[in-house]
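Reading through the structure tokens given below for one structure.
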Number of protein chains: 2
Amino acid sequence: MGITKSNLFSEEQNRLSTLLKVLAHPARIAILQHLASTPGCINTDLVQELGLAQATVSQHLKALKEAGIIQGSIEGNCLCYCIDTERWQEVKQQIMSFLSEIA
Amino acid sequence: MGITKSNLFSEEQNRLSTLLKVLAHPARIAILQHLASTPGCINTDLVQELGLAQATVSQHLKALKEAGIIQGSIEGNCLCYCIDTERWQEVKQQIMSFLSEIA
DNA sequence: AATATTCATCGTAATATTGCGATATTAAAA
DNA sequence: TTTTAATATCGCAATATTACGATGAATATT
């Protein structure tokens, strides 16, 4: 089928898996790492940095934005993305909680 | 295309994303949670527990096994799966290291 | 005003994932 | 030895993801 049977699982299991899925791509990992290490959050740089097409990068940014992990603010001509630190703490907490639950 | 351009990213970024992808499914999360909470690691129970078809559960187990996270040992008629604790520590370490790298 | 730059979105193609029935395979049980 | 039970694997269908070119919308530059 290709569709995950979310109804079989708990709210929390679904939420966690959705979150992990967003992080489970090297481009999105690279974007987060770059945004973390670059104080003034740059955007077009990412296209250069990653070597992916602009449309593709934009798509990855959208996924991160929809998960609430990053935020964009308009800065004249440019869009300035940066990590939502508060939300990231939440994300971190949820994942770490799962990790330590296992063993 | 649908194919991730792994060559654009570092070994570590690829390794991490592969790991996260394995965890990014509610059924596999549920399996790990069940194996963690059930001392004698049971298998067919999972089919009942999850409500997915046997073939589907078997597939998810395979994914976890290939990632080295669980191990199966033959126990007469049954296959007995349990978490590879040592490997799980490694997995945990890698993910946590990434999480704290960001913010 | 005309042009250039930045970014989002649409449409599309290629590939991956999810799920399951059917069918092996293997070992216990009858 | 036949049957039953437990798993794995194959093959397929449905859906999701990844990637990109083309295009559009908005602002900056000339």
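All chains are named by letter (A, B, ...) in the order of the sequence lines, taking the proteins before the strands, and each is independently numbered beginning at 1.
With rounding to whole Å, B:N7 atom CG is found 16 Å from D:dT18 atom P. If you measure from atom CG of A:L8 to atom P of C:dT18, you get 14 Å, rounded to the nearest angstrom. As a whole-Å value, the separation of B:Q54 CD from D:dA8 P is 7 Å. For the pair B:L79 CG and C:dT25 C1', the interatomic distance rounds to 12 Å; values are reported in whole Å. Distance, B:N14 CG to C:dA16 C1': 16 Å, rounded to whole Å. Remark: P of C:dG19 and CG of B:L46 are 14 Å apart, rounded to the nearest angstrom. In this structure, the NZ atom of A:K5 is 15 Å from the C1' atom of C:dT17, given to the nearest Å. In this structure, CD1 of A:I3 is placed 23 Å from P of D:dC12, rounded to the nearest angstrom.
Side-chain N/O atoms of B:Y81 include one lying less than 4.0 angstrom from OP1 or OP2 on D:dA8. Under 4.0 angstrom from either OP1 or OP2 of C:dA16 there lies no side-chain N or O belonging to A:H25. Of the side-chain N and O atoms in B:K21, none sit less than 4.0 angstrom from OP1 or OP2 of C:dA16. The phosphate of C:dT17 has neither OP1 nor OP2 within less than 4.0 Å of any side-chain N or O from B:H60.
Side-chain contact check for B:L64 versus B:L35: every heavy-atom pair is 4.5 Å or farther apart. When side chains are defined from C-beta on, B:Q33 counts as touching A:Q13, because their heavy atoms get closer than 4.5 Å.
Using a cutoff of 4.0 Å between basic side-chain nitrogens and carboxylate oxygens, A:R15 and A:E12 are not scored as salt-bridged.
In terms of position on DNA chain D, the residue among A:N77 and B:L61 whose nearest nucleotide sits closer to the 5' end is B:L61. Between A:C78 and B:A55, the one whose closest nucleotide on DNA chain D sits nearer the 5' end is B:A55.
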Take A:I95 and B:L99 through the test side-chain contact (heavy atoms from CB on, under 4.5 Å) and record every step on the way to the result. CA-CA 9 Å; A:I95 296 175; B:L99 289 176; 3.8 Å; yes
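Using cut-offs of 30° and 60° for the angle between ring planes, the A:H25 and A:H60 rings count as tilted.
A:Q59 contributes a side-chain N or O that forms a donor-acceptor pair with the base of D:dA19 under 3.5 Å.
Among the atoms of the strands shown, base atoms are found under 4.0 Å from some heavy atom of A:T56. As judged by a 4.0 angstrom heavy-atom cut-off over every strand, A:L52 is placed among residues touching the sugar-phosphate backbone only. Within 4.0 Å of A:A53, counting heavy atoms only, lie sugar-phosphate atoms of the nucleic acid but no base atom.
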